[in-house]
Each structure stands twice: as C-alpha cells, then as structure tokens.
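These figures come from a predicted structure and were not determined experimentally. Lettering of chains follows the sequences in order, A, B, ..., and the numbering in each one begins at 1. Every heavy atom of this structure was used, including side-chain atoms; hydrogens, water molecules and symmetry mates were not.
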Amino acid sequence: MSASLPDETIDPNAPVANMDYFMALEFKETICPVVQRYTDGLLAGKIIGHRCSQCGLVYVPPRGYCPIDVLETTEEDEVELADRGIVTNYTVVTPVQYYGQEATEPFAKVSVLLDEPGGMLSLQDVLEVPVEQVRIGMRLEAVWVPESDRTVEEIGNRSWGSADGCILGWRATGEPDVPPDQFNDRVF
Amino acid sequence: MSHQPCAIIGIGQTKHKKRRDDVSLPGLVREAAQRALDDAGMNWSDIDAVVLGKAPDPFEGVMMPELSMADALGAAGKPLMRVHTAGSVGGTTAIVAAHLIENGIHERVLTVAYEKQAEGNAQWGLAGGRSGGMGAGGIFAPWMRSYIQHSGAPEDIGWKVAVKDRKNALKNPYAHLQLKDISIEKVKESPMLWEPIHFLESCPSSDGACAMVLTNEDGAKRAPKPPAWVLATAMRSELGQFPGRDPVRPQAGVECAHILYDSAGITDPRAQIDVAEIYVPFSWYEPMWLEGHDIAGPGEGWQMTESGATEITGDFPVNPSGGVLSSNPIGASGMLRFAEAALQVRGAAGEHQVDDATVALGHAYGGAAQYFSMWIVGASLDAVAQNK
Ligand SMILES: [Zn+2]
C-alpha cells in the first residue's frame, strides 16, 4: 500500500546508495484438474464455473469447493457461463512505473457480473471505451482472442490472470445501462 | 479463558522516512528494539523469545529474513517466531507475543515488526512481477466508491481525514510525512491515483520499525515505567473473494470487533474507548472501519469525521499519531497502531497525547480487507469498568 508522486525524480548527482539487482526464477506451476477444466474451456471459447449445489453461488474460476458451505464441487457442478454482463464496479488506475509495468496511461479495471447463470469476473480490462466513460451499470461483452492465438500460460491455480490470454477484454454492447438496484447485492 | 495478564512495559519505534540509508535492514529493526528495551529497563539478554512480523517477502526480495536477522535480534539460541498476515501482520505479531505471556509460556517477549520499502518494490511485489498491477489502492478503490455511494457521504470526508491525520503527524516526531502546509485544497488538487482516491489521500511508502517488550504481572511490577495492560485481543479472517462477499463491511471485521468488545467487557465502544489507532491507509477507511466495526451505526461513520469527533480533541479521537496515512512501513504499520494505543494509556504519547486516555483500541487489517487484528489496552486491569 504505497504511492509515489508521478513526478518524483532521482538526483543524478546524489551518491549511489542502492542499486537494482534483477533476478528471475523460472518455474512451471502445475495446474490442478479443476483449473485445467476451466482453462480447457477458455481455449474452446467457454467460461466455465462451478455452482454450489447447496447455496447456488457461482464460482468463476471454479475452486473445486464452496468455502461458505465447506462443500466439494466437482464436474457435476459445472455450468457454462455467459460472456456478457454488467459493470458492477470499477476503478481507474494511474499506473505506477515499477519494473515490468508496461502501462503508461490511466486504465480502467472493472468487475463484470455475468448474465444468467451469473458469476463475477474481477479486474477485467475494458476495450474501445475511454476511461472517463466507464460506469456502473454499463453492459459489456467479452472480446475473445482468435482461437488459434489463445493461451492460458498466465492463468494459475490462485486465480492469477483470470481469463488473460483468451479474453482480450470487454467492450460495450450499446444496450441501455442496468439500474444499480437490480444488482446491488451482487456488486463484488 | 483463564490466563495471566500481559503488560506492555517497553515501546520503541524508529524515525519513519522514505529512505533509511543510514541503517541496514537489521540495523533498522535493532533501532526500534533497543528503544523498547531501554523503555523497559532491560537488556537483550533479559528476553526469553522474539516474535517478528513483516509484510510478504517479495516486497524487499529478502526471503525469510527472520533467519538471517536472528543474531541482530539477540535471538540466537532462543525461540524466534515469524508471523504472516499481510498488512495486518504488525498487529497479529503483537497478539501472538501477548498470547505467549498470557499462557505462561514465556515471561519476557520482544516483538518487532518492520518494512524497508526503499530497498524493495512493493508495487512490483503486489503485481507478482506482471504488468498492469494496480497496487492495494486499486483493489480498495471500488470498495471506497461503494461506501461513498451507499452512505451518502459528501466527497470532502476523505479529504478531511487526509488533513486531520497529517496535522496529527506534525505532533509526532517519529512520523514520516511532516506536511506543514497540508490543506483540503492541496488534497483535492493532488493527482488522482485510484479513482476516487487522490495522491494525498494515500499512505506513503516508508522505511521503519516498531518494537514492544511484553511481560507478565511480576515483570510489570519490576518495570521502571507504568505499563499498559492487554485487556483483550481478537483475530479473524475470511477469503478475499467469494460471491456475495461484502468487502466494504467484511464479516470477519464485524465478528473480530464484537469478540474483542465482549472479551474486554465493552458494551458501547464509542463511549468506553477513549482513543483508537485504526489502520487507515486510504482516507475513506476511517469512516468505513468506524461503521465496519460497529463503533458508528450504518451511514454514521462519516458523520463522526465530519463533526470533528475523530480529532485529537473530539470525543472519539482516531489516529492521533498521524496513522498509516503519515507513516507506512507496511509490516510495522499494524504494530505501530497497537503500540500507539499502548502509549496513549501509559500517558506517554507526548504532544499527541489524548487527555485522560485509559482505554485504547489498536487495529490492523490486511490482504483484500480480509485479515483483522485488534487489541484493547488499558491503564489498569479494570480500566474498562472504571470508564463509565
Ligand atoms: Zn455453497
């Protein structure tokens, strides 16, 4: 939790006190079977979630369990989710220039409540919409990466990447906005 | 729960700064620890065990630093424990140390927490080295917006918190930010970092450490200065994301607060707590936690801020030290809240002392607002009963 002023600069005449030392550790994360079903789905252009048989909540990406009911969820609980939905919340981020940050301009990240049977994808990118026009209630649809170019390398077991490499981002459908009182209980 | 009372007899912290190039990482931690030992009238050899906390290792790129730091902490041959609960870790670390005393496992425990942000890159760490990282501010921003919308709070509440805490920091020589000319206009006109949060509504990035010496009733009798007594502790956590979660008022935070109040015998927190050090890394978290921990009713937290109730001179002072908004050595930030609460009930908070403070709340949260740690400290073991 920290912030640096965008205009903070380093005095070139100051004595060197610290030096950056970059190192990398390459490793391959073995994807668990539940996430594997999810990534296989994404490669085929489908968003797969698990719906808990007890509470009915939809988990996307699926976890293989419902933490609320402490219940295992399996392939039998799989549901194919919509690739359209509503912006329930968002923020516009001024990118901090840490090593590896490629973003230079403010960008929006939105939470998308998927149409029936539901499910929530967080931290999604918005395409073709200026950041100042991003708003709660806006209807969006997924823009899929062409099938031959899809990759799931960025997706890990702990929800890293959510749909990166398969869904490029989300664009406005042009349909009328949905009033917030229709999804106030499902914002996050 | 039958346990013996735990007393805080030594408190130390470093001067918090953007960079502490004058000390190494262990040197930074020793600076706080030495001050806590001096305060307690003790030497390193008097300590039975050390409990250390800091934020995740990728923030500095030094893995399991507690191992290499054992010598510097005088912990060679003694029990040394590391605690991990993200941003709340400083608070949780103090609680773990208190439990070692309360359960009679050790008689004198040194607890330390630190972060040397200038020697690492927390933004990089939080992004897992990937592009497009949003920082903690980006994660919390939508929740703050949701609070603003549903509470009907005017937009200047966040700016007011930002100004109040920075003015309090001017009374605290250890605080990192010393913004003498802070004003509502300056906050409002500072760059928008994570809508709706401006630069000056965000915590800084600091190097710093905090330490405390805890002991039992016998140890407190021998201590040179009046102790603060740990009257109650509570920890709760929940998953950072699940459908139907309310991250604005997380259930774990509500339950943690109520377990804490019940355990301390507090029935009316606003009336029975004299001062609170609450983890507020972004301005809107002051009213959000006042409501999220049932100190204020729904939609009434921002009214406490607006009315001046949370000023040092108000009826419920929040963050007289300047809080996380003025100093943020991440791993230490939670312990600083706990330590500042203890300083207040010892009457040792200097210029930022709240008059007649005998019961204080120390609070920390972390992760995706999913880990909570709190304690109530008192000037005496019956301080709550004495307080109305
Ligand atoms: Zn369930």
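- With a 4.5 angstrom heavy-atom cutoff, A:Val60 does not touch chain B via any of its atoms.
- Heavy atoms of B:Arg145 lying under 4.5 Å from chain A belong exclusively to its side chain.
- Expressed to the nearest 0.5 Å, how far CD of A:Gln97 lies from CG of B:Asn121 amounts to 11.0 Å.
- Judged by distance alone, the side chain of A:Thr94 and the main-chain N or O of B:Met192 form a donor-acceptor pair under 3.5 Å.
- Residue pairs meeting the ring-ring contact (aromatic ring centres under 6.0 Å, His included) criterion with at least one partner in residues 76-124 of chain A, sequence neighbours excluded, are A:Phe22-A:Tyr99.
- With a 4.5 angstrom heavy-atom cutoff, B:Ile139 touches chain A only via side-chain atoms.
- The neighbour count for B:Met64 CE, taken as heavy atoms of other residues, nucleotides or ligands under 6.0 Å away, does not exceed 12.
- The residue among B:Ala118, B:Ser146, B:Gly135, B:Gly61 with the most heavy atom pairs within less than 4.5 Å of chain A is B:Ser146.
- Shown here is A:Glu153, whose CD atom has no more than 12 heavy atoms of other residues, nucleotides or ligands within 6.0 Å.
- When all heavy atoms of A:Thr91 and B:Glu195 are compared, the closest pair comes out as OG1-O, 3.0 Å.
- Within the model, atoms CZ of B:Phe242 and SG of A:Cys52 stand 13.0 Å from one another, a figure rounded to the nearest 0.5 Å.
- Only the side chain of B:Gln149 comes within less than 4.5 Å of a heavy atom in chain A; its backbone stays farther off.
- By the 6.0 Å contact criterion, NZ on B:Lys188 is open, its count of non-hydrogen atoms from other residues, nucleotides or ligands being 12 or less.
- At least one side-chain heavy atom of A:Ser122 sits under 4.5 Å from a side-chain heavy atom of B:Gln241.
- Taking a 6.0 Å sphere around NZ of A:Lys109, one finds it holds more than 12 heavy atoms contributed by other residues, nucleotides or ligands.
- Inspection of non-hydrogen atoms places A:Pro67, A:Ile68 of residues 65-77 of chain A under 4.5 Å from chain B.
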